[in-house]
There are 2 protein chains.
Amino acid sequence: MPVSSARRAPLTRARVLAAATAVADEVGIERLTMRLVADRLDVEAMALYRHVASKDALLEGLVESVVDEVSAACATLDEPQPGPGEDWRAVARRRILTAREVVLRHPWFPSLISARGTMGGSLLRYFDAFSGILLAGGLSPELLHRALHTLGSRVLGFTQELFAPDAPALADPDEATAALEAVAADLPSIARMMAVAVHDADTTIGWCDDQAEFEFGLDVTLDGLEARRREEAGRG
Amino acid sequence: MPVSSARRAPLTRARVLAAATAVADEVGIERLTMRLVADRLDVEAMALYRHVASKDALLEGLVESVVDEVSAACATLDEPQPGPGEDWRAVARRRILTAREVVLRHPWFPSLISARGTMGGSLLRYFDAFSGILLAGGLSPELLHRALHTLGSRVLGFTQELFAPDAPALADPDEATAALEAVAADLPSIARMMAVAVHDADTTIGWCDDQAEFEFGLDVTLDGLEARRREEAGRG
DNA sequence: ACCTGAACACCGTTCAAGT
DNA sequence: ACCTGAACACCGTTCAAGT
């Protein structure tokens, strides 16, 4: 439903991607439609095809946009390499948590990235900058390679969370207790874990404090990699 | 295009899910269509709706099917708990690598699981069995909780691989060298890493040996968690 | 009781036609 | 040169009708 045709800013690829990002943020990626993006730009859907080859290309562009946003946020940290004597883990950690802040604003990003296999240019450049930190920190190129695989999506600030019971349902103590009892018979080990979590409820944010969990898992991983680095250094 | 109507096996939910699994394995999850699943069963698409409430419910059922397959494969291991004096890591490791074998047969499984937020019953039971191993191994319920988050999708045998350059393109040494030179100017750190990988090419399977990378990352994670367990035990 | 046919609303995408 | 209108093929899904 484009408006009658007053003077509009000209359509550009950047405007298309910005509109698509806004649509994804608001209605979710699974409801993003060429026609919805076009509506937001006061244009017919077919006009988009002048700036993106297909819906798939648009989604690819969306990934690049978020990665650019991550890179920009990391640039403001202004500390591309570990300083002399500084642990590489601290530098990598700050970058990763900065990436996480950006990705939290675009919760559809993880699912998009798992859908497509290839890495675009901006993602490669981000990885190159990140790799520079680990090399400067003393990882060998071989260990760097394995470290990137080990960190996986954590490098971009998110993890695939499998174990995520409904947080809201468990926020209320009474409901949580009821859920616990219902679960105890069939799922004894999970029930034990839940009992503890419910008990700690006032010291953490709800059932699963995602930020705390992310940082814990990140530190476990970084520590494990640093241990491998030291082993390697000891041998070499 | 259902056939004229000879005697057929009656449609059941199980047959629908089996057909859908076969379709997903063959054409990929993104091309799975209600009509395609129906065709394979010699039935009209609308007949499926008697056994699944919607396409989304069908996909949910697909997830449950794979998890059941994983659970069945793990059951044949016949070692639900770490034996006395045995490291929990070895038991967890075998289970996870068994899960991986199943998931490798259904490569669409990871993307399906990242798309939907909730955990079905069979996934909860799988997690409960897995949790039992870690508790028997001496992890506290608190640490178990964090361990599950840290392991994330690795518990089911896969990771979100971000850094996956096109393996086939790099299998040929000449092409690999060309790619390396093209990349060296813009991406110095990645180039260093690639140079090493190309050099090692005859000792590993292609550029990225996924199985080896998965096991490396898994061990780094398990070792990190075991270190946390020992810290905890030392304090308690 | 179980499946089918026809239809609806909504996609991505094309292409000739408008300005 | 850039955008639109109409149309096509293909979805998921509904519902009354068939057997």
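Residue numbers begin at 1 in each chain, while the letters A, B, ... track the order of the sequences.
With respect to the salt-bridge test (charged N to carboxylate O, under 4.0 angstrom), the residues B/K55 and B/E60 do not qualify. Classification of B/R40 and B/E26 as a salt-bridged pair holds, one side-chain N sitting under 4.0 Å from a carboxylate O. Residues A/E69 and A/R105 are paired through a salt bridge, judged by an N-O separation under 4.0 Å between the basic side chain and the carboxylate.
Taking each heavy atom of B/D186 and A/D128 in turn, the nearest pair found is O-OD2, 3.9 Å.
If you measure from atom CZ of B/R50 to atom C1' of C/dA1, you get 7 Å, rounded to the nearest angstrom. Residue A/D42 contributes atom CG, which lies 9 Å from atom P of D/dT4 at whole-angstrom precision. Rounded to an integer number of Å, the gap from B/L48 CG to D/dC11 P is 14 Å. Rounding to whole angstrom units, CG of residue B/L41 and C1' of C/dC2 are separated by 15 Å.
Using cut-offs of 30° and 60° for the angle between ring planes, the B/H106 and B/W108 rings count as tilted.
With sequence neighbours left out, A/E215 forms a salt bridge (charged side-chain N to carboxylate O under 4.0 Å, His left out) with A/R93.
The partner of D/dG12 is C/dC8, judged by Watson-Crick or G-U wobble contacts that both fall below 3.5 Å. With a cut-off of 3.5 Å on both pairing distances, the Watson-Crick or G-U wobble partner of C/dG18 is D/dC2.
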- Message: Does the protein touch nucleotides 12-19 of chain C at the base, only the backbone, or not at all? Give it as B, S and - per nucleotide, heavy atoms under 4.0 Å.
- Response: BBB-----

